[in-house]
Structure formats: C-alpha cells, structure tokens
J.: 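Quick one: the structure is below, and I'll ask about it shortly.
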Amino acid sequence: MPNFSRIILRRNKADAVKRFHPWIFSGAIKQVDPDLPDGEIVDVHSETGEYLATGIYSPNNIAVKVLSFKPVADLDRLFQSRFQSAYQVRSQLGLTDSETTNCYRLINAEGDGLPGLIVDWYNGTAVLQAYSIGMYEQRQRIVASLQAVYGEKLQAVYDKSAAVLPRSAIQAIHAAGHHQDSDQDSHQDNHYLVGEPATGNVLEYGNQFQVDWETGQKTGLFLDQREHRRLLGQYAAGKRVLNTFCYSGGFSVYALQAGASLVHSVDSSAKAIDWTKQNVALNYPEATQHEAFTDDIFDFLKTCDADYDLIVLDPPAFAKNISARHQAVMAYKRLNKQALTKLRSGGFLFTFSCSQVVGREHFEGAVMAAAIESGRQIRVLHHLTQPADHPVSIFHPEGIYLKGLVLWVE
C-alpha cells in the first residue's frame, strides 16, 4: 500500500464523507502537516483512526477532493478503472461507435470520480484540462489511461491545463521536478503530450464542425449543448432564427439543417463570427439565408427588428462566484426581457445559464421576472440540463451547472 500523508478530521465532521460527498472543507480538518504541498495525495481519517477516503490535498477552502472512498493500493489502477468506467458509460450512450457523432465528453470531473479533470474526445484527439495542481501532476497517468482505453484510436493528447491553472503554479511544478508524475520537461504552456497537431473536423449528428482546441474556448466545442442543438432542429423548420452568443455557430448549423428560412448569428468576438461562417460553409456552402454579425448582444437586441420566430440565448457564465450572483441574475433578466420583445407571437425562446453559482431557482426566477415585465403569456415546454456524457454524481449536486428552458411565447 502507498504511504500517503494523513489528514485527521474533527469530531462529527466525518458524516459528509461517509455520505460520499467528494469535497472536504478546510474547516473540517483537525490535523494536517502545515508543510504539506499543494497537490499531495492524502488519506483522510476520523479522530478515532477510521479510514474515510483518499484524495488530492489543496491548501484552500476545499481542502481535499476525494478520489476514492476505499483504500487505494495502486494509483495507476485507480485511474485506469475510472477511465474504463467512463468509457463504458459513453459506449452505452451510443457515443463511442457512432457513425454520426465522434465527439463527446469522456471525463466529467466529480461526475466520473476524477475531481478537477475534464477530458473531451474529438475524433481521435483527447483534450484535457486539469483544474487543480494535484490533478495536473497526474498527466502521465491520464495519458496511460487514455492509451489503455482507446488503443490505436488515440492519435493525440492535448493538455490545455495552462488555460485554467495559474501560470506560477505550473512553473513551480516544473521547477521542482520531483513529483513522480511530472513530465520532467520544460512545457509550461498548453501543448501536446502525445501526437502532433491535426485537423479538428468532427461530426455531431451528421453535422460537421471545425474544432480549434488550441485557441478556442474551453476544450474547443461546447459539447454540453449537443442535445439542445438537436432539439432546436425540431422547432426551426421554416422559422426566422436568431442565435446569440453564437461562438462556433452550432445552433445556427442545426437551424439550417432543419430548414430555417433565415438564420442570424451574433457574437461580440470577430473570431467567433469567422468560425461560425466556416462551420456554416462546411455544411451548407450554398446557403443564402444565413448572415453573421459581430456585435454586442445587448446592443444588437436593442436595434434589431422584432420579427424572429426563434431566439437562442446561450451567454457565457455571468457569475464566477457567489458574490457576483445577484448581478448575474439581473443580467439574465435584462437579457431575456430584451429577447422577449423581439419574438413574434407564437415564437420560441431557448434560454440558458452555465453559471454554476446561479442555481436553477435563481435562473428561472430571472426568466419569470423578464416575462412579467414583458407582459407576454409564456409556457414552459422543456426544462434542460447538461447531457448524459456530462454526468453528475448523485452525492455531488454541485456538479450541475447548465440550466435551460424552452419557452413558447404568445
């Protein structure tokens, strides 16, 4: 058995761990080595010496993120079993051998038993993001696990952790060079751990998308909206569609596939608009009913004509922490109110929030307030959340972040 450092919890603080919640907060800790480094693997025990869990330590509010509630004899085996289990779930979802879809999320942090880790699969390339120092130090185990799961199907592994971790922390890891899972290399930026750069063409329900995992947001494509893009296709035939915060144009492509009479894509990023145009052209090179605009969404909604049959609101997270939640809720209300003034009678609104700190109750309350102020009668047709390849542990409801509604507007 590995000789992991030990953390002792305070009396009566073991209950949450016994309920399999994967976070242990600093206030629950009675005894810890003050020199214990960030990212260390630790065993957690009660005051009476009872083993509770093994996890990754961090000197922050969330002090331990749990990897296992059983003693860990072999970290390599633990990681490989987590990856195999995650792959089996995606296989049962029909994603791993689909002829029409070859991109999906393989590892969804706590939802797949690997807190602080995201791995997305793009037709042979795995893109990972480690959100903690401890998980960053496990990159070689992650690569080995991917190789064990995919074999020759794995062409490249791209590490995009530098986009989400402090640069100083990554520099410190490489400078120390004594952690058993560090690369012993000089890479401190996003880079390929395995393989070489490749074209990022993927399929999603038969639609083609060019994915830029190196410079795009997150891992490259917002995979969590896949099922909602497909759902939009059920409503878009013959409709005049406005896709705001369009990013790579996913909803726009599905609207065109469904036979929308007009599609407007809007984003404040010129790069996003170029990307949207590329993806539209990739699928519908002769399409004349699509037009893209580089503009602030709030400004566009103020000045555009009120003649859309379907509007998509998929903004970036308006709040990164609890202190910003109230302002975020007000922003959601303002955004939805503006959109409601631009819909024809009998129109549809697809509205989303990916702000984790804005719960469903707060988000739906903001949309309801917008509906009240708009004076329009509205029916809820769908309550939406993240798809099945973004699973949430039933013991960790904090893993729910994506909320959405499909509304019919009278």
Side-chain angles (χ1 to χ4, degrees), residues 83-109 111-112 118-129 146 149-158 160 195 198-214 216-237 243 246-260 263 275-276 278-285 287 312 314 350 352 354 382 384-392 401-402 404 406:
F83 272 77
Q84 290 286 356
S85 176
Y87 181 83
Q88 182 180 17
V89 171
R90 277 66 179 180
S91 179
Q92 292 176 334
L93 295 173
L95 290 169
T96 58
D97 295 306
S98 171
E99 294 182 358
T100 62
T101 301
N102 55 24
C103 54
Y104 53 87
R105 174 152 296 180
L106 175 67
I107 300 293
N108 192 52
D112 287 299
I118 296 296
V119 181
D120 287 341
W121 176 260
Y122 293 109
N123 190 27
T125 296
V127 182
L128 72 91
Q129 287 190 308
L146 284 165
V149 166
Y150 287 105
E152 294 181 355
K153 291 183 179 179
L154 182 67
Q155 300 169 11
V157 179
Y158 186 66
K160 203 176 181 182
T199 57
N201 277 353
V202 299
L203 286 175
E204 186 184 89
Y205 288 128
N207 291 306
Q208 299 182 71
F209 291 98
Q210 179 71 31
V211 181
D212 183 355
W213 49 71
E214 294 187 14
Q217 296 182 42
K218 302 295 184 180
T219 65
L221 191 67
F222 293 158
L223 297 172
D224 55 6
Q225 290 286 24
R226 178 186 62 249
E227 302 304 324
H228 305 148
R229 290 190 277 264
R230 191 185 195 189
L231 178 64
L232 177 136
Q234 300 178 22
Y235 291 91
N243 179 19
C246 64
Y247 185 49
S248 59
F251 283 106
S252 302
V253 169
Y254 277 75
L256 291 168
Q257 181 190 42
V263 180
W275 195 4
T276 293
Q278 290 175 17
N279 283 329
V280 167
L282 195 61
N283 293 276
Y284 304 101
V312 179
D314 185 22
F350 279 62
F352 299 95
C354 63
H382 300 275
L384 306 177
T385 189
Q386 57 223 60
D389 59 336
H390 292 60
V392 176
Y401 68 94
L402 184 62
V406 178

J.: Check the pair Tyr158 / Tyr122 against side-chain contact (heavy atoms from CB on, under 4.5 Å), numbers first and verdict last.
T.: CA-CA 11 Å; Tyr158 186 66; Tyr122 293 109; over 6 Å; no
J.: Working to the nearest 0.5 angstrom, can you tell me the gap between Leu232 CG and Asp314 CG?
T.: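 Here the rounded value is 11.0 Å.
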J.: Please lay out, stage by stage, how Glu227 and Tyr205 fare under the test side-chain contact (heavy atoms from CB on, under 4.5 Å).
T.: CA-CA 9 Å; Glu227 302 304 324; Tyr205 288 128; 2.8 Å; yes
J.: Do the charged groups of Arg226 and Asp389 touch, with an N to O distance under 4.0 Å?
T.: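 Yes, this pair counts.
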J.: Is a side-chain N or O of Lys160 found less than 3.5 angstrom from the main chain of Val127, in a donor-acceptor match?
T.: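 No.
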J.: Which pair of non-hydrogen atoms, one from Val202 and one from Cys103, has the smallest distance, and what is that distance?
T.: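 The answer is CG2-SG, 3.8 Å.
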J.: First locate atom OG1 of Thr385, then atom CZ of Phe352, and finally report the distance between them rounded to the nearest 0.5 Å.
T.: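 Rounded to the nearest 0.5 Å, the OG1-CZ separation comes to 10.5 Å.
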J.: Take Leu402 and His228 through the side-chain contact (heavy atoms from CB on, under 4.5 Å) test and state the conclusion after the steps.
T.: CA-CA 11 Å; Leu402 184 62; His228 305 148; 3.9 Å; yes
J.: Is there side-chain contact between Leu203 and Thr100, with at least one heavy-atom pair below 4.5 Å?
T.: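 Leu203 does not reach Thr100 side chain to side chain.
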J.: Heavy atoms only: give me the nearest Gly233-Ala258 pair and the separation to one decimal.
T.: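 Smallest heavy-atom distance, with atoms named: O-CB, 3.2 Å.
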J.: What's the spacing between Thr125 OG1 and Glu214 CD if we round to 0.5 Å?
T.: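 Answer rounded to 0.5 Å: 9.5 Å.
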J.: Mind checking salt bridge (charged side-chain N to carboxylate O under 4.0 Å, His left out) for Arg90 and listing every partner two or more places apart, or none if nothing turns up?
T.: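 Testing Arg90 for salt bridge (charged side-chain N to carboxylate O under 4.0 Å, His left out), a comparison that skips the adjacent residues, returns Asp112.
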J.: What is the distance from atom CZ of Phe222 to atom OH of Tyr247, rounded to the nearest 0.5 Å?
T.: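 Reported value, rounded in 0.5 Å steps: 5.0 Å.
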J.: Any side-chain heavy atom of Leu146 within less than 4.5 Å of one from Leu106?
T.: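 The answer is yes, as the side chains (C-beta and beyond) meet within the 4.5 Å cut-off.
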J.: Please find the pair of heavy atoms, one from Ile107 and one from Ala86, that lie closest to each other, and give the distance.
T.: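 Between these two residues, the closest heavy atoms are CD1-CB, 3.6 Å.
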J.: Within the structure provided, determine whether Val263 and Val280 are in side-chain contact (heavy-atom separation under 4.5 Å).
T.: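 When only atoms from C-beta onward are counted, Val280 and Val263 do not touch, as no gap falls below 4.5 Å.
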J.: Pick from Arg105, Gln129, Lys218: which one makes a side-chain contact (heavy atoms from CB on, under 4.5 Å) with Asp120?
T.: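 That would be Arg105; it is the only one of Arg105, Gln129, Lys218 passing the side-chain contact (heavy atoms from CB on, under 4.5 Å) with Asp120.
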J.: For the CG atom of Asp97 and the CG atom of Asn102, what is their distance to the nearest 0.5 Å?
T.: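 Rounded to the nearest 0.5 Å, the CG-CG separation comes to 11.5 Å.
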J.: Could you pull out the closest heavy-atom pair between Ile118 and Ala109, with the gap in Å?
T.: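 Distance-wise, the nearest heavy atoms are CD1-N, 4.1 Å.
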J.: Consider side-chain hydrogen bond (donor to acceptor under 3.5 Å, both in side chains). Of Gln234, Arg230, Glu204, which one does Tyr254 pass it with?
T.: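 Result for side-chain hydrogen bond (donor to acceptor under 3.5 Å, both in side chains) with Tyr254: Glu204.
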J.: As an exercise, state the distance from CG of Asn123 to CZ of Phe209, rounded to the nearest 0.5 Å.
T.: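 So the CG of Asn123 and the CZ of Phe209 are separated by 14.0 Å.
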J.: With Phe350, which residues qualify under ring-ring contact (aromatic ring centres under 6.0 Å, His included), at least two apart?
T.: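 Here the qualifying residues are Tyr235.
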J.: For the backbone of Gln386 and the side chain of Asp224, can you confirm whether one donor and one acceptor N or O come within less than 3.5 Å of each other?
T.: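 No; judged by distance alone, with no hydrogens or angles, the pair does not exist.
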J.: Is there a donor-acceptor pair under 3.5 Å between the side chain of Asn243 and the backbone N or O of Val312?
T.: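 No; judged by distance alone, with no hydrogens or angles, the pair does not exist.
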J.: Test of understanding: with side chain to side chain contact (heavy atoms under 4.5 Å, CB included), list the residues that count as partners of Asn283, not counting sequence neighbours.
T.: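 With sequence neighbours excluded, Asn283 shows a side chain to side chain contact (heavy atoms under 4.5 Å, CB included) to Asn207, Gln208, Val253, given in chain and number order.
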J.: Counting N and O atoms only, with roles assigned by atom type, does the side chain of Trp213 sit under 3.5 Å from a partner on the main chain of Ala126, one being a donor and the other an acceptor?
T.: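 Checking the backbone N and O of Ala126 against the side chain of Trp213, no donor-acceptor pair under 3.5 Å is found.
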